[in-house]
Amino acid sequence: MSQVRPVVSARGGPQQEYSLNAVTLAICLLFMIFMTGGITRLLTGGTSDDEALEATEGFVMVRLTAAFLYTSVFVLAATHWRRVRPALSASSVIWIPVLLAVISIGWSYLPELTLKRAVPLVGTTMGGVVVASLLGPRRFSVYLAYILAVVVGISALTAILIPDFGKHTSTSGLTWSALHAGRWRGLYWHKNGLGPVSSITFAYWYLMRPVMKLNTLVYIGVLVIAVVTTAFAASAQGIAQLALPFAVQIFLTDSYRPFRTITVVFLLASAVLLSIFFNEFAALMGAILNRDVQFSGRMDIWNIILSYQSIDPVVGGGYGAGFEGGLADALQSSLFQRLVNAHNGFLQQYVDLGWAGVITLLLVVASYIRYLVQNTNSQAPEFRLALYFMAQYLSTNMLDNYALRGQEIYWFLMAAFLTYLASGALKPVDALSAEGGATRTDRRRRRPAHAIPVTDPGLRRRLYANSSGRGASERGDPFAGSGVRSNPSETPS
């Protein structure tokens with residue numbers, strides 16, 4: 001029998017922990033482990049080539065595992081409907097690009113391929129919402145931090161003790177594996193799978209320090225392992241992202257508050273200018289570094305895609321099948337290898353789903369950022385993780401395609417954090433108390449709700465405009481007539 005157990009966080013507002021039975025908790029944990037990608041290669045028997053994966057018996061194991069977990073989260077959604085329904089309603093915006101991906105089967109170049117890619121996308125989205133709503137932000141973040149630490153730790157051990165498995169080798173016969181020979185990949189097929197996950201692990205443990213009740217040496221050890229693994233994976237993207245959690249900490253400090261608007265405007269302006277003058281920027285960086293900056297050939301891929309005339313600009317070629325309309329052949333004739341990945345999440349959306357896909361994805365991102373802005377005063381570690389994730393998500397999709405991919409940690413975390421932000425689970429204490437939800441922590445400190453500053457100007461005006469009533473207003477209570485009780489222990493007559 002599941003029950004709601006209230007837990008009060010003095011820094012992040014009241015949170016509700018949902019008591020789960022052993023089976024439900026096990027399914028949630030297994031789903032989180034699967035989404036990290038740490039066991040996918042193991043399920044295939046340790047294959048080295050992800051491109052030939054579908055030809056192996058191991059791929060059947062991956063599909064069976066995915067089918068079991070996706071079915072399980074739908075069953076959990078049905079059995080815990082009263083808990084899950086508000087979360088689904090609050091995060092409904094995330095289903096817009098997912099729905100577009102599903103209906104693109106109707107115009108896809110390869111409908112069977114689109115169907116095969118759309119099923120994991122639906123399952124990952126539902127899993128993110130269901131697991132997030134059942135675990136709550138605190139348990140979700142702590143459990144995932146431990147899971148990531150185990151995955152990265154095992155990856156480091158395999159690279160050291162079993163180099164043929166844990167490192168790229170020059171004898172694998174794969175062009176990119178020979179190119180990256182000696183670099184760590186651990187439990188993943190590619191170093192760019194391990195590098196960003198290692199940087200995410202570092203960020204989780206760094207930002208969750210206030211609630212991770214561990215020995216200091218253990219805490220520092222995990223951080224060191226995450227940094228070392230990121231460095232030996234030699235993923236430039238992952239290494240650069242190690243700075244993101246520090247930037248989040250600085251951005252959310254009270255002393256930095258006057259500069260937040262300036263910072264956001266600067267970043268948005270920089271992104272716009274970079275997208276317009278990207279080639280000029282790359283040429284400038286090449287001159288500074290005295291090398292040809294092509295982002296490992298990505299610029300050649302982007303130029304060919306952008307100059308290709310047969311892409312449907314409105315709805316694309318179908319989710320996961322956009323390259324099958326001749327674009328893959330064009331890339332092969334120019335780059336001498338068959339590619340079905342734009343190596344840019346938003347450009348991939350344009351190829352697969354046209355401007356409709358790009359706009360719907362940007363709608364999700366905009367909604368996420370809007371909720372972040374509304375909760376900027378939150379001091380909960382989970383809110384810091386939510387802010388970090390958006391920065392990490394955007395930076396990752398500049399050079400790789402993880403914007404809208406099922407069975408990947410990025411879209412799973414997008415669904416989970418958007419659920420928490422949209423449902424108000426990460427609201428600051430002040431906002432909750434101003435809405436009449438003073439916490440037990442406030443009452444223990446003998447701090448009535450009306451003593452907590454109201455930061456929203458519109459709410460402040462409404463509260464004072466209603467202070468002309470009789471009774472409490474006569475004794476100077478600005479909350480009279482507003483529906484917010486000045487004393488949490490009072491009950492309305």
Side-chain angles (χ1 to χ4, degrees), residues 12-13 15-18 20 24-25 27-38 69-70 72-74 76-77 80 83-98 120-148 151 196-197 200-201 203-205 207-208 211 248 361 364-365 367-372 375 378 380-394 396-397 402-427:
Q15 301 183 23
Q16 299 291 333
E17 281 196 359
Y18 198 56
L20 304 173
T24 301
L25 182 59
I27 292 174
C28 291
L29 293 178
L30 284 174
F31 197 92
M32 295 168 74
I33 293 171
F34 189 66
M35 285 298 109
T36 64
L69 291 174
Y70 295 148
S72 297
V73 295
F74 275 94
L76 290 182
H80 299 268
R83 176 73 175 181
V84 174
R85 184 186 61 80
L88 287 171
S89 177
S91 59
S92 57
V93 67
I94 200 170
W95 290 98
I96 299 177
V98 176
L121 178 63
V122 173
T124 300
T125 309
M126 177 61 80
V129 176
V130 172
V131 173
S133 60
L134 293 181
L135 291 181
R138 180 59 46 84
R139 285 189 299 181
F140 178 88
S141 300
V142 172
Y143 289 163
L144 188 56
Y146 282 117
I147 290 171
L148 288 170
V151 169
V197 170
I200 293 175
T201 304
Y204 256 76
W205 281 74
L207 295 174
M208 289 295 290
V211 296
V248 168
L361 181 62
V364 174
V365 173
S367 298
Y368 191 109
I369 294 175
R370 179 171 67 89
Y371 290 125
L372 286 176
N375 297 280
S378 177
E382 296 85 357
F383 176 78
R384 295 171 184 264
L385 284 177
L387 178 58
Y388 157 79
F389 170 72
M390 178 48 63
Q392 200 267 355
Y393 176 83
L394 293 175
T396 296
N397 282 291
Y402 294 106
L404 188 67
R405 284 178 63 176
Q407 215 161 294
E408 294 284 354
I409 190 172
Y410 299 95
W411 192 249
F412 171 70
L413 289 179
M414 173 67 82
F417 281 124
L418 185 60
T419 298
Y420 291 138
L421 289 167
S423 60
L426 303 182
K427 279 189 176 182

State, yes or no, whether a side-chain contact exists between Ile96 and Val93 at a heavy-atom distance under 4.5 Å.
-> yes
Without swapping roles, check the side chain of Tyr70 against the backbone of Thr124 for a donor-acceptor pair under 3.5 Å.
-> no
From CA spacing to verdict: side chain to side chain contact (heavy atoms under 4.5 Å, CB included), Leu135, Met32 | CA-CA 11 Å; Leu135 291 181; Met32 295 168 74; 3.7 Å; yes
Compare all side-chain heavy atoms of Val98 with those of Trp411 and state whether any distance is below 4.5 angstrom.
-> yes
For Met414 and Tyr368, what are the C-alpha separation, side-chain angles and deciding distance, and is it a side chain to side chain contact (heavy atoms under 4.5 Å, CB included)?
-> CA-CA 9 Å; Met414 173 67 82; Tyr368 191 109; 3.6 Å; yes
Tightest non-hydrogen contact, residues Val151 and Gly38, listed as CG1-CA, 4.1 Å
In terms of heavy-atom contacts, Tyr388 and Val248 come closest through CA-CG2, 3.7 Å
Could you go step by step and tell me if Leu134 and Phe140 meet the side chain to side chain contact (heavy atoms under 4.5 Å, CB included) rule?
-> CA-CA 9 Å; Leu134 293 181; Phe140 178 88; over 6 Å; no
For the residue pair Tyr204 and Phe417, categorise the inter-ring angle as parallel (less than 30°), tilted (30 to 60°) or perpendicular (more than 60°).
-> tilted
Is it true that a side-chain atom of Tyr393 and a backbone atom of Ala403 form a donor plus acceptor pair closer than 3.5 Å?
-> yes
Please walk me through it: do Val131 and Leu29 pass side chain to side chain contact (heavy atoms under 4.5 Å, CB included)?
-> CA-CA 9 Å; Val131 173; Leu29 293 178; over 6 Å; no
Arg85 backbone acceptor or donor facing Ser89 side chain under 3.5 Å = no
Please say whether more than 12 non-hydrogen atoms of neighbouring residues, nucleotides or ligands are located less than 6.0 Å from CZ in Arg370.
-> yes
Between Glu382 and Pro137, the two heavy atoms sitting closest are CG-O, 3.5 Å
Check: Tyr402 side chain, Ile409 main-chain N or O, donor-acceptor pair, under 3.5 Å | no
Do you know which two heavy atoms are closest between Met35 and Gln407, and how far apart they sit?
-> CE-CA, 3.8 Å
